[in-house]
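As the structure is a computational prediction, the values presented were derived from the model and not from experiment.
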Amino acid sequence: PVGKVVSDVLERCVDYTMDVYDFDHVLKLDLLDMLLPGRGVSRVKYVPDFEDMVTDGTQSEQGSKEPPQRIVYERVLCEHVNWKDFRHGPGKTWDEVPWVAFRHKIGKIAGKKMFGEVFDQVPLDGVEDEEIKKHEATLGSLFKTAEVWEIWDKDDGTVNFLATTYKAKLLKTEPDPLMLDGFFPNPRPIYAIQCDA
């Protein structure tokens, strides 16, 4: 009886989650990408929300002045990946693929939030829109972004972030954040023409 109740609760949670962020639309975008360019890809994202914990004001053991945080809400979202923004390594079958990569266009504020001070050294791409170029002195920087690749390396079990305009080092490397079966945050892509990988 306990197992039945738990499975019912989990099923309702999954149904609610898929309704909240329009899961059907994500799958329709995958289907269109499969029909037009020939490959459709989705991925999962884990999105935790944190809040500062109330403390007595003393510093932590590491000497950090930042207050400790706790998770107040967690979400797992399915997100469509544009066919131009996905790459994967060589492999005769999907199980042999050693890495997958997702391209992001990240602005200055979001980049500093994600990667810290190192993002100040990343050159941003120019603005292509002619109307914005006319006001580049005042507005141009708002629209400039850096191309960042998020690379999931199955052999190392790490996720690496590489900016194409910054050659000095990786922006960030972190251990496997999701601990999923198969490591990658996406299932095997759907193809218009059947192939193993």
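With contacts defined as side-chain heavy-atom distances shorter than 4.5 Å, the pair Asp176/Trp152 qualifies. Side-chain contact between Phe115 and Val122 is absent, with no heavy atoms from C-beta onward closer than 4.5 Å. Inter-residue side-chain proximity for Met53 and Gln69 is flagged as unmet; no heavy-atom pair is nearer than 4.5 Å. Contact check for Arg75 versus Val20: no side-chain heavy atoms found under the 4.5 Å cut-off.
The hydrophobic cluster containing Phe23 also contains Leu77, counting ILVMFWY residues as joined when their side-chain heavy atoms lie under 4.5 angstrom apart, directly or transitively. Ile106 and Leu162 fall into different hydrophobic clusters, where Ile, Leu, Val, Met, Phe, Trp and Tyr residues are linked whenever their side-chain heavy atoms come under 4.5 Å apart, directly or through other members. Taking hydrophobic clusters as Ile, Leu, Val, Met, Phe, Trp and Tyr residues chained together by side-chain heavy-atom distances below 4.5 Å, Val118 shares a cluster with Phe161. The hydrophobic clustering, which links ILVMFWY residues whose side-chain heavy atoms are closer than 4.5 Å, places Val44 and Tyr16 apart. No chain of hydrophobic side-chain contacts below 4.5 Å, direct or via other Ile, Leu, Val, Met, Phe, Trp or Tyr residues, connects Met179 to Phe184.
In this structure, a donor-acceptor pair under 3.5 Å is absent between the side chains of Asp125 and Thr145.
At most 12 non-hydrogen atoms from other residues, nucleotides or ligands lie less than 6.0 angstrom from CD1 of Ile109. Counting heavy atoms of neighbouring residues, nucleotides and ligands inside a 6.0 Å radius, atom NZ of Lys105 exceeds 12 of them.
Here the CG atom belonging to Leu36 is positioned 9.0 Å from the CG atom belonging to Leu31, to the nearest 0.5 angstrom. Atom CG of Asp85 sits about 8.5 Å away from atom NE2 of His80, to the nearest 0.5 Å. Note: Trp83 CH2 to Leu32 CG = 13.5 Å, rounded to the nearest 0.5 Å. Taken to the nearest 0.5 Å, the OG1 atom of Thr93 stands 9.0 Å off from the CZ atom of Arg188. Here the straight-line distance linking atom CD of Glu150 with atom NZ of Lys172 works out to 9.0 Å at 0.5 Å rounding.
Across all their heavy atoms, Val41 and Asp30 have their closest contact at O-OD1, 2.9 Å. Here the shortest heavy-atom pairing between Lys154 and Trp94 reads NZ-O, 4.4 Å. The shortest heavy-atom contact between Asp153 and Trp99 is CA-CB, 4.2 Å. Of all heavy-atom pairs between Ser42 and Asn186, the closest is O-CB, 2.9 Å. The two atoms that bring Pro185 and Phe102 nearest to each other are CG-CE1, 3.7 Å, heavy atoms only. Contact record, Lys108 with Phe119: NZ-O, 3.4 Å, taken as the closest heavy-atom pair.
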*Go through Asp8 and Lys4 one step at a time and tell me if the salt bridge (charged side-chain N to carboxylate O under 4.0 Å, His left out) criterion holds.*
CA-CA 6 Å; Asp8 286 343; Lys4 171 103 171 60; 3.1 Å; yes
*Steps toward side chain to side chain contact (heavy atoms under 4.5 Å, CB included) verdict (Asp156, Thr173)*: CA-CA 11 Å; Asp156 289 343; Thr173 297; over 6 Å; no
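A donor-acceptor pair under 3.5 Å links the side-chain atoms of Thr165 to the main chain of Pro123, judged by distance alone. Of the possible polar contacts, none joining the Arg43 side chain to the Val81 backbone as a donor-acceptor pair under 3.5 Å is found.
In this structure, Arg39 forms no cation-pi arrangement with Phe86, as its terminal cationic atom is not both closer than 6.0 Å to the ring centre and no more than 45° off the ring axis.
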